[in-house]
Amino acid sequence: MKNQELAQIFADIAELLEIKGENPFKVRAYQKVVPVLQSLTESIEEIYQRGELTSIPGIGKGIAEKIEEYLTSGKLKYYQELKESVPKGVVSLVTIPEVGPKTAIALYNKLGITSIDELEKAAREHKIRGLPGMGEKTEENILRGIELVRRRGTRMMLGNALPLAKEIVETLQKLKDVDRISLAGSLRRMKETVGDIDILVTSHNSTRVMEVFTHLPLVRQILAAGDTKSSVILEQGIQVDLRVVEPECFGAALHYFTGSKDHNIRIRELAVKKGLKVNEYGIFRTRDDKRIGGAEEVEVFQMVDLPYIPPELRENTGEVEVAQKGNLPCLLELSMIKGDLHVHTKWSDGLHTLEEMVEEAKKMGYRFLAVTDHSQSLKVARGVSLENLNKHLDEIARLNTQYRPFCILTGAEVDIRSDGTLDYPDEILARLDVIIGAIHTNFKQDEAVMTERIITAMKNKYVNIIAHPTGRLLSGRDPYQVNIEKILKAAAETETFLEINAYPERLDLRDVHVRRGKDLGVKITLGTDAHNKMQLHYMNFGVATARRGWMEKKDVLNTGEVEEILSLLWHKRQN
DNA sequence: GCCGTTTTCGGCCCGACTGTTTTCAGTCG
């Protein structure tokens, strides 16, 4: 699949054209095609071979020719020439807040600046304030921007940001001055990482709300404190923006601040065609500027003849077109989850006993729990030896009697060895209900070997599930080199379920792969990988990833009753 | 560069804020 490569190339082209001061609408045309390519569920090669490139929205004659050139020759002359025409390093300047394409090229033309370090030096030596349109403040802002980029670095994981955001919302909600309140931004869309936390409020006393907000104990620094917008930095290093709007604007503002930007643009384009104007203050008739709605978010969609689109889908990756046809998925919900299919206990490296885990699961309203401790050779995680496995199974049998009708499924997270064989013999696997295959060692194999390793494991008829299929960690470990397309296809063919690991640092499979998997007929399981009982509550992050991957109840194994689940899992064993 | 029950040419999402300016360009979300 060259889809992602081409998406990156067109994103680069857009940036380069912008720096060169090209027609902004041409720039926009390249920008627009990026998410289209990223979210294509079919490989671009296949579409090209059918001669249907220009039937894809956003791809016309010009871009189709460039795609053809790249697919047939592996190169794109236009892109090469464009890169050569812009000095290396200038592109990096636009990563600094306050520095856009115009400023970047001016800094290069007038001062020869081609890196962030050179920019910092020039600012410190007060060489920037002499340039046209730039003064003392600009210089200060650039220095602050550089500092921010260096300090902030990365985005915050959803699993860390959401609890912080909820705490702030709960505090503000208690104020009698706060009427309605909601999270917005990428956090509301439940993206796996977020750049900041956006909160929206309606209030008749915004001064008071802002006062409380900017003086929350978690606040380290106040960036701005106005009547309609305040921004702070928390001790944890993340920025929080609070906006106060009038009640009649709440829905329009919520839609606006939830984004994504590309989704919003798409909606506004539709509005324009209907003679309407949508902004954060409401929905207006263009001809007389008369307000015709905006208090509720759903009105924004109704105005352009769409059904309500859940925030997790709002990425402009086809959700608007699918909504127009009335084919939006009926997304999975947390309440549909009847149990967890990946948990650890004291039998391997978990913190709590099996009994403690079961008690917590019962409290959560679950009907079952699959206990999947690590296998024998994973010594770092105190993998369960064959000898201990029997005792382990005895304990499960005893507890199953005690807790009936709650059901503890026997299982194991079995290591997939470097050659694709498993860390327990087949006769042991045959005795367990749920076998999760997973890679925990030898991550550095090349793509072909790693892909074959996982596919070999999937071909074992006892392997029901592949856990965290790409091995990535959001805190900083790249996925292993693996051909995800081949893995998805093999999963569908071998009746192997792929896991969405709900552990906030993993969220693996990730959203885009889940969605691709759905098109290929891959079935999904959700597992928290809980190593203590509180981590069972990570399930909502798994559900969020499933929703962002367009998953419905029927696509997810955990929504079934135990009998159904076992019959689906074991179907493979009968062949 | 894309696109079309207003159009194959002339449009292309919208507004706030900032800093530098005497009316606006650039950046951001």
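Just so it is clear: chains get the letters A, B, ... in the order the sequence lines come, proteins before strands, and each one is counted from 1.
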Query raised in the report: Is A:Pro101 touching bases, backbone alone, or none of the nucleic acid, heavy atoms closer than 4.0 Å?
Result: sugar-phosphate
Query raised in the report: Are A:Arg144 and A:Glu98 close enough for a salt bridge, meaning some N to O gap below 4.0 Å?
Result: no
Query - Distance-only polar pair, side chains of A:Glu139 and A:His126, donor-acceptor under 3.5 Å - result: yes
Requested in this report: Check A:Arg548 against A:Arg189 and note the closest heavy-atom contact, atom names and distance.
Outcome: NH1-O, 2.9 Å
Requested in this report: Using whole Å, report how far CD1 of A:Ile105 lies from C1' of B:dA25.
Outcome: 17 Å
**Report entry** Separation between the C1' atoms of B:dT7 and B:dG11, rounded to whole Å
**Finding:** 9 Å
**Report entry** 5′-ward residue of the pair A:Glu136/A:Val272 relative to DNA chain B
**Finding:** A:Val272
Query raised in the report: Nearest to the side chain of A:Lys137 - B:dG1, B:dT20, B:dC14?
Result: B:dT20
Report summary line: Rounded to whole Å, CZ of A:Arg28 lies from C1' of B:dG11 at a distance of 15 Å
Query raised in the report: Taking for each residue the nucleotide of DNA chain B with the nearest heavy atom, is it A:Phe25 or A:Gly60 whose nucleotide lies nearer the 5' end?
Result: A:Gly60
Requested in this report: Answer with base, sugar-phosphate or nothing: what part of the nucleic acid does A:Lys277 contact at a heavy-atom distance below 4.0 Å?
Outcome: sugar-phosphate
**Report entry** Electrostatic pair A:Lys127:A:Glu120 at N-O distance under 4.0 angstrom
**Finding:** no
Query raised in the report: How far, in whole Å, is B:dT6 from B:dC2 if one measures between their P atoms?
Result: 23 Å
Query raised in the report: Under 4.0 Å between a side-chain N or O of A:Lys66 and OP1 or OP2 of B:dG1?
Result: yes
Query raised in the report: To the nearest Å, how far apart are A:Lys191 NZ and B:dG29 C1'?
Result: 14 Å
Query - Atom-pair distance (CG on A:Asn264; C1' on B:dC28), nearest Å - result: 14 Å
Report summary line: Checking B:dT27, B:dC2, B:dG29 against the side chain of A:Lys102 (C-beta onward), the nearest is B:dT27
Query raised in the report: Base, sugar-phosphate alone, or nothing: which one does A:Pro57 contact when heavy atoms must sit under 4.0 Å apart?
Result: sugar-phosphate
Query - Same-atom distance (C1') from B:dT18 to B:dT23, integer angstrom - result: 15 Å
Query raised in the report: Considering Watson-Crick and G-U wobble pairs with both distances under 3.5 Å, what does B:dG11 pair with?
Result: B:dC2
Query raised in the report: Checking only heavy atoms, does the side chain of A:Asn141 share a donor-acceptor pair with the base of B:dG19 at less than 3.5 Å?
Result: no
Query raised in the report: Does A:Thr138 make a side-chain N or O approach to OP1 or OP2 of B:dT18 shorter than 4.0 Å?
Result: no
Report task. Answer with base, sugar-phosphate or nothing: what part of the nucleic acid does A:Lys229 contact at a heavy-atom distance below 4.0 Å? Result -> nothing
**Report entry** A:Asn23 side chain, from C-beta outward: closest of B:dG15, B:dT27, B:dC12
**Finding:** B:dC12
Requested in this report: Write down the distance separating the P atoms in B:dC12 and B:dT5, rounded off to the nearest Å.
Outcome: 16 Å
Query raised in the report: Using atom C1' of each nucleotide, how far apart are B:dT21 and B:dG26 to the nearest Å?
Result: 13 Å
Query raised in the report: Would you say the side-chain atoms of A:Arg285 pair up with the backbone N or O of A:Ile292, donor to acceptor, closer than 3.5 Å?
Result: no
Report summary line: Base orientation of B:dT7, chi within 90° of 0 counted as syn, else anti, reads syn
Query raised in the report: Where the side chain of A:Thr103 is defined as all heavy atoms beyond and including C-beta, which of B:dC14, B:dG26, B:dG1 is the nearest nucleotide?
Result: B:dG26
Query - Distance, rounded to the nearest Å, where A:Glu280 contributes CD and B:dC28 contributes P - result: 18 Å
Query raised in the report: At under 4.0 Å between heavy atoms, what does A:Ile267 touch on the DNA or RNA strands: base, sugar-phosphate, or nothing?
Result: nothing
Query raised in the report: Does a side-chain N or O from A:Lys261 land closer than 4.0 Å to OP1 or OP2 of B:dC28, or not?
Result: no
Report task. Could you measure between the two P atoms, the one in B:dG4 and the one in B:dT8, and give it in whole Å? Result -> 13 Å
Report summary line: Nearest heavy-atom approach of A:Arg291 to A:Gly282 is NH1-CA, 4.1 Å
Query raised in the report: B:dA25 and B:dT20: how far apart are their C1' atoms, nearest whole angstrom?
Result: 9 Å
Query raised in the report: Passes ring-ring contact (aromatic ring centres under 6.0 Å, His included), A:Phe301 versus A:His255? Steps please.
Result: CA-CA 9 Å; A:Phe301 296 107; A:His255 180 261; 5.2 Å; yes
**Report entry** Lys/Arg cation over aromatic A:Tyr78: A:Lys66, 6.0 Å, 45° cone
**Finding:** yes
Report task. Scan A:Ile96 against the nucleic acid and name what it touches under 4.0 Å (heavy atoms): base, sugar-phosphate only, or nothing. Result -> sugar-phosphate
Report task. Can you tell me the distance, in whole Å, between the CD atom of A:Glu269 and the C1' atom of B:dG4? Result -> 13 Å
Report task. Indicate, with a heavy-atom threshold strictly under 4.0 Å, whether A:Gly185 touches base, sugar-phosphate, or nothing. Result -> nothing
Requested in this report: Could you state the atom-to-atom distance from CD1 of A:Ile13 to P of B:dC2 in whole Å?
Outcome: 11 Å
Requested in this report: Please report, rounded to the nearest Å, how far the P atom of B:dG1 is from the CG atom of A:Leu82.
Outcome: 11 Å
Query raised in the report: Would you say the base of B:dG15 and the side-chain of A:Tyr281 have a donor-acceptor pair closer than 3.5 Å?
Result: no
Query raised in the report: How would you label the contact of A:Ile265 with the nucleic acid (heavy atoms, under 4.0 Å): base, sugar-phosphate, or nothing?
Result: base
